[in-house]
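Data block below; observations after.
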Amino acid sequence: MPRLNIKKHTICTLGSHCALQVLKGAKDEGFKTLLICKKTRQNLYQRFSFIDEIILVNEFNEMFNTTIKKIISRENLYIIPHGTLISDIKLSTLEKLQIPIFGNKHILKWESDRKLKQRLMEEAKLSTPKEIKNKKQIKNLSIVKLHGAAGGKGYFLAWNEKSFNIRCKKLIEKKIIKSEDDLYIQEYSVGVPVYFHFFYSPLKNDVELLGIDRRYESDIDGLGRIPATIQQNINLDPTYNVIGNSPLVLRESLLYDAYSMSERFVAATSRLVKPGIPGPFCLEGVYDNNGNFTVFEFSSRIVAGTNLFIDGSPYSTLLFNIPMSMGRRIARELKLGIKKNRLSELLT
Ligand code: AMP
């Protein structure tokens with residue numbers, strides 16, 4: 001059998017979100033690395049010696065221009081999708097793309113469409129917050145979300161129709177939305193937020209928990225710094241814009257259920273969105289005071305919270321004897337796929 005020369009294989013991503021983690025992990029596993037980078041960020045990314053090659057663009061969608069497309073269409077090149085790829089490139093363009101993408105690109109549509117997302121979570125028998133179809137039905141504390149909004153920006157709380165109308169009007173005035181049809185209302189789940197970073201390996205047929213984080217969101221996480229008596233006197237409308245992430249470890253007794261949720265999710269994806277969910281995904285929700293988890297979101301690709309664990313997490317340490325980031329785990333699965341001639345199970 002010919003010896004595997006992993007240097008002939010390239011891992012490529014866009015310069016943003018978790019690109020440093022992904023390309024560092026790729027280099028640690030022996031791959032060549034390529035970054036598509038906006039000219040304005042060149043000064044940042046050229047500092048890192050694990051990036052072998054940088055292609056400069058003005059906007060990320062230039063990656064489909066003939067010259068750049070030709071470079072990235074080279075043999076043995078794999079694109080790792082992350083939040084920026086999804087927000088900056090149309091899903092329909094990604095669907096048609098001939099260049100291999102790690103993971104299941106068809107599931108990205110299920111992540112961005114709230115109806116499909118709900119269907120998948122129900123198929124996985126995850127407990128989810130109740131959807132409120134009409135503002136007149138708002139009876140309890142509810143969270144109002146923008147469709148496809150990145151990271152909680154513009155979300156607000158409402159507890160009846162009047163409070164909904166006041167905040168909705170503000171968003172329309174600021175031209176953030178066109179009408180209230182652009183909003184999605186969900187029951188607010190009381191508890192503490194937890195974000196699980198899972199990796200599903202089709203080659204090992206196993207789910208791994210590689211880390212857990214919680215998000216630090218402005219202004220909601222800053223409210224505790226303002227005494228309640230003062231909060232009442234100022235017109236403060238907290239929103240949920242993600243600013244950063246902190247690491248978290250869970251009570252060990254909660255881990256069993258966390259793993260079974262992830263296994264049900266993997267099984268549901270393989271039934272509804274072939275070929276399922278090879279690679280990273282995140283289940284996002286809150287634990288209530290009985291230790292029950294309500295899932296309000298999933299991400300079907302690597303999340304930025306994994307950047308906390310470039311050097312591994314308490315959970316990855318239990319599974320691997322070397323520091324294993326999510327980026328490195330992706331590269332390792334690709335390497336195994338190449339060795340075993342099973343790449344087709346990892347790419348779409
Ligand atoms: P998402 O875009 O759904 O990830 O939500 C952004 C943030 O809003 C989350 O990180 C939570 O802090 C908060 N959030 C979203 N949905 C709910 C919910 N149903 N109950 C409580 N908090 C929520």
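Every number for a ligand or one of its atoms is a count from 1 in the order of the listing.
Between the S73 side chain and the K69 main chain, a donor and an acceptor come within less than 3.5 Å of each other.
The N/O atoms of Y188, backbone and side chain alike, include none that comes under 3.5 Å of an N/O atom in ligand 1. The N/O atoms of E297, backbone and side chain alike, include one that comes under 3.5 Å of an N/O atom in ligand 1.
For Q137, the side-chain hydrogen bond (donor to acceptor under 3.5 Å, both in side chains) criterion is met by no residue, not counting sequence neighbours. Under the side-chain hydrogen bond (donor to acceptor under 3.5 Å, both in side chains) criterion, R119 pairs with no residue, sequence neighbours left out.
F31 and H9 have perpendicular rings, their planes meeting at more than 60° on a 0 to 90° scale where under 30° would count as parallel.
Shown in contact with K145 at under 4.0 Å from a heavy atom are these atoms of ligand 1, numbered in order with element: 3 (O), 15 (C), 16 (N). In the vicinity of P129, heavy-atom distances shorter than 4.0 Å reach the ligand 1 atoms 19 (N). Those atoms of ligand 1 with a heavy atom of S189 less than 4.0 angstrom away are 18 (C), 19 (N), 20 (N), 21 (C). In the vicinity of R215, heavy-atom distances shorter than 4.0 Å reach the ligand 1 atoms 4 (O), 10 (O). Here is the list of ligand 1 atoms found below 4.0 Å of a heavy atom in E284: 4 (O).
Aromatic rings of Y184 and Y155 (six-membered ring for Trp) have centroids beyond the 6.0 Å cut-off, not under it. Ring-centre distance between F281 and F298: not below the 6.0 Å cut-off.
In this structure, a donor-acceptor pair under 3.5 Å is absent between the side chains of Q186 and K130. Neither side chain, K139 nor N160, offers a donor N or O lying under 3.5 Å from an acceptor on the other.
In this structure, I143 counts as a contact residue of ligand 1, since one of its heavy atoms falls inside 4.0 Å of the ligand.
Closest heavy-atom approach to atom 2 (O) of ligand 1 among the candidates Y155, F296, Y216: Y155.
Only the backbone of E187 comes within contact range of ligand 1, with a heavy atom under 4.0 Å; no side-chain atom does. Residue Y184 does not touch ligand 1, judged by heavy-atom distances below 4.0 Å.
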